[in-house]
Asks: 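The structure that follows is given in the form of structure tokens.
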Amino acid sequence: WNRTVLVRKIGAYPERPEDGTIVAETSRADATKNKYRSDGFHDTEREAGTTYYYKLFSQTTGGVWNNQDANRYAETTSMSWGMVQSFVRAGRGPELWPVGTVFVVDHPEYTHADGTGLWFRVVGHDQVPPADETLTHSMCLDMVDCLFSAPYDAPEAPYALTADETAQALKTYYTLSGTEYTALVEGTDYNIGDPVPTASWYEKNSLEAYQGSSDPEENNLIRWANSDGAANQWFFPATIWDVCHLTFLQKNGFLRHLDPEFRAVVTDARLFTKAYRHGKTALVEHKAKFFCLSKTQISGESVENIQLDYYKTADRAKTSIMNPSTKTLWRVRTVSNASSCYAVSTSGDFILGYQAQTGISLACIIA
């Protein structure tokens, strides 16, 4: 191989390298063989209403040109995820993939009832900002169906073994006998700075998170959705009281077997989540590749993120990937307090107070 040229022509496919305009080239001499492997090539020198024909011509070091018809690039040719990202970054997302367009994404652990992969629908353009502020354009995708049912987070432990190696000030420690926790008294049972007996002293959970944490940095769902760890290995407690629900714990992290090319173009989104943190409701800014939509992104009724175009007119109800004929409750990430989370009902209405298992549907952005 010596070089490859992409030739563009108006009216018909080019018949030879000189029969048209060379718009892109890679060569051995310039060491550019894989220049367009990831991001593709974006032809910006076009006129509206004109049909262009493209063909690749590859040349050997002996000067022989490859002129096969298979090297023609027709308008209907599928493109790589890298090319999709390139078009989104160029601001052409709304033109090429209007709101409502559905992409099929390979994931061997989760397949649609018809045998295809996961269905992601375009729900908005330039409405969910990337965490990287240098990126201008974004395309938000939301799963058409739910993966499975699970709670947002598992109830945290009311007591847990302390991680302190020495006794700290302003803390109360407990001992456990059977099922009874007994508070230790500073100055009587111990002094500040004393060594803590190994696996013996406990701390009480005073953060009122016994119903589970809605904090995006702690809750099971968001952490599982953004993990590529193996089942029963991906979870590491965020606090000494943190517990993972078995529905998530016994599954591989969602990223582990996701189509790697799709995963590579999914970009961290800048998100605002109304979460219950340390005893009070607060608006938390965070980032994630995969997330649940907020109540605002669906209904526009709060301050978390702006309403996505798709949900301004579309039915909010969703089904399961394995049973598309039956609607199911599905989770959003908005909360009222530690024990009150929102879900979307089978009729598309919001229901408050759902801590039980509901359908899990994930969204993401390409930017």
Side-chain angles (χ1 to χ4, degrees), residues 131 150-251 253 268 271-288 291-292 304 333-341 353-357:
Y152 201 51
D153 195 63
E156 294 188 352
Y159 292 88
L161 286 168
T162 183
D164 295 339
E165 295 183 357
T166 59
Q168 305 296 305
L170 305 177
K171 277 191 175 183
T172 300
Y173 296 99
Y174 298 79
T175 57
L176 174 63
S177 177
T179 59
E180 183 177 349
Y181 292 89
T182 302
L184 297 173
V185 179
E186 179 189 338
T188 300
D189 299 314
Y190 68 93
N191 292 309
I192 302 302
D194 283 352
V196 174
T198 303
S200 177
W201 288 9
Y202 291 79
E203 286 187 53
K204 187 177 183 179
N205 187 351
S206 59
L207 302 180
E208 301 180 47
Y210 54 87
Q211 292 285 353
S213 175
S214 57
D215 190 320
E217 296 177 358
E218 295 181 10
N219 75 72
N220 294 169
L221 193 160
I222 300 300
R223 293 172 64 191
W224 167 82
N226 291 276
S227 172
D228 60 2
N232 298 305
Q233 298 179 29
W234 66 266
F235 176 76
F236 297 93
T239 68
I240 60 174
W241 304 284
D242 195 13
V243 177
C244 187
H245 195 277
L246 286 177
T247 304
F248 293 113
L249 185 64
Q250 295 177 350
K251 297 181 185 296
D268 278 325
L271 303 167
F272 298 89
T273 296
K274 189 178 181 183
Y276 194 74
R277 171 178 275 188
H278 298 177
K280 62 182 181 180
T281 303
L283 195 65
V284 179
E285 181 178 343
H286 62 108
K287 65 180 181 179
F291 49 91
C292 294
E304 297 170 57
R333 69 176 192 272
T334 304
V335 302
S336 177
N337 55 52
S339 59
S340 296
C341 300
Y354 264 88
Q355 191 65 19
Q357 297 197 26

Asks: What donor-acceptor contacts under 3.5 angstrom involve side-chain atoms of residues 224-233, with partners at least two apart or in another chain?
Replies:
from, atom 1, to, atom 2, distance (Å)
Trp224, NE1, Asn252, O, 2.8
Asn226, OD1, Lys289, N, 2.9
Asn226, OD1, Phe290, N, 2.9
Asn226, ND2, Ile222, O, 2.8
Asn226, ND2, Phe290, O, 2.8
Ser227, OG, Gly229, N, 3.0
Asp228, OD2, Arg263, NH2, 3.0

Asks: Of the non-hydrogen atoms in Glu218 and Thr239, which two are nearest, and what is the gap between them?
Replies: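 Answer, listing the atom of Glu218 first, then Thr239: OE2-CG2, 4.0 Å.
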Asks: Between Trp234 and Cys244, what is the shortest heavy-atom contact and its length?
Replies: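 Closest heavy-atom pair between Trp234 and Cys244: CZ2-SG, 3.8 Å.
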Asks: Please identify each residue that fulfils ring pair (Phe, Tyr, Trp, His ring centres under 6.0 Å) with Tyr173, with sequence neighbours left out.
Replies: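 Testing Tyr173 for ring pair (Phe, Tyr, Trp, His ring centres under 6.0 Å), a comparison that skips the adjacent residues, returns Tyr190, Trp201.
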Asks: Just by distance, do the side chain of Asn220 and the backbone of His245 share a donor-acceptor pair under 3.5 Å?
Replies: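 Judged by distance alone, yes, a pair lies under 3.5 Å.
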Asks: With sequence neighbours excluded, tell me which residues meet ring pair (Phe, Tyr, Trp, His ring centres under 6.0 Å) with Phe272.
Replies: none
Asks: Listing request: all salt bridge (charged side-chain N to carboxylate O under 4.0 Å, His left out) pairs with a residue in residues 181-195, at least two apart in sequence or in separate chains.
Replies: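 Non-adjacent pairs meeting salt bridge (charged side-chain N to carboxylate O under 4.0 Å, His left out): zero.
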Asks: Under the rule for side-chain hydrogen bond (donor to acceptor under 3.5 Å, both in side chains), what residues qualify as partners of Glu165, not counting sequence neighbours?
Replies: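 Glu165 satisfies side-chain hydrogen bond (donor to acceptor under 3.5 Å, both in side chains) with no other residue.
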Asks: With sequence neighbours excluded, what pairs up with Ser200 under the side-chain contact (heavy atoms from CB on, under 4.5 Å) test?
Replies: Pro197
Asks: Check Ala199 against Leu161 and note the closest heavy-atom contact, atom names and distance.
Replies: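 Closest heavy-atom pair between Ala199 and Leu161: C-CD2, 3.6 Å.
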Asks: If I compare all heavy atoms of Val243 with all of Ala154, which pair ends up nearest, and what's the gap?
Replies: O-CB, 3.6 Å
Asks: Using 0.5 Å steps for rounding, measure from the OG1 atom of Thr273 to the CZ atom of Arg333.
Replies: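 The OG1 atom of Thr273 sits 3.5 Å away from the CZ atom of Arg333.
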Asks: Rounded to the nearest 0.5 Å, what separation is found between the NZ atom of Lys251 and the CG atom of Leu246?
Replies: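 Result: 11.0 Å between the selected atoms.
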Asks: Is Lys204 close to Tyr181 at the side-chain level, that is, under 4.5 Å between some pair of heavy atoms?
Replies: no
Asks: Taking side-chain hydrogen bond (donor to acceptor under 3.5 Å, both in side chains) as the definition, give me every residue that meets it alongside Thr166, ordered by chain and number, with sequence neighbours left out.
Replies: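 Partners of Thr166 under the side-chain hydrogen bond (donor to acceptor under 3.5 Å, both in side chains) test: Gln168.
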Asks: Closest approach of Ile240 and Ala160, non-hydrogen atoms and distance?
Replies: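 In this case the closest contact between Ile240 and Ala160 is O-CB, 3.0 Å.
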Asks: Considering residues at least two apart in sequence or located in another chain, which fulfil the side-chain hydrogen bond (donor to acceptor under 3.5 Å, both in side chains) criterion with Asp242?
Replies: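 Arg223.
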Asks: Can you list the residues that meet the ring pair (Phe, Tyr, Trp, His ring centres under 6.0 Å) rule with Tyr174, with sequence neighbours excluded?
Replies: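 Tyr174 satisfies ring pair (Phe, Tyr, Trp, His ring centres under 6.0 Å) with Tyr159 once adjacent residues are dropped.
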Asks: In Å, rounded to the nearest 0.5 Å, how long is the span from OH of Tyr202 to OG1 of Thr162?
Replies: 11.5 Å
Asks: Give me the atom names and distance for the closest heavy-atom approach of Asn205 to Glu156.
Replies: ND2-OE1, 3.1 Å
Asks: Name all residues meeting the side-chain hydrogen bond (donor to acceptor under 3.5 Å, both in side chains) criterion together with Lys171; count only those two or more places apart in sequence or in a different chain, and write none if there are none.
Replies: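 Here the qualifying residues are Asp164, Glu203.
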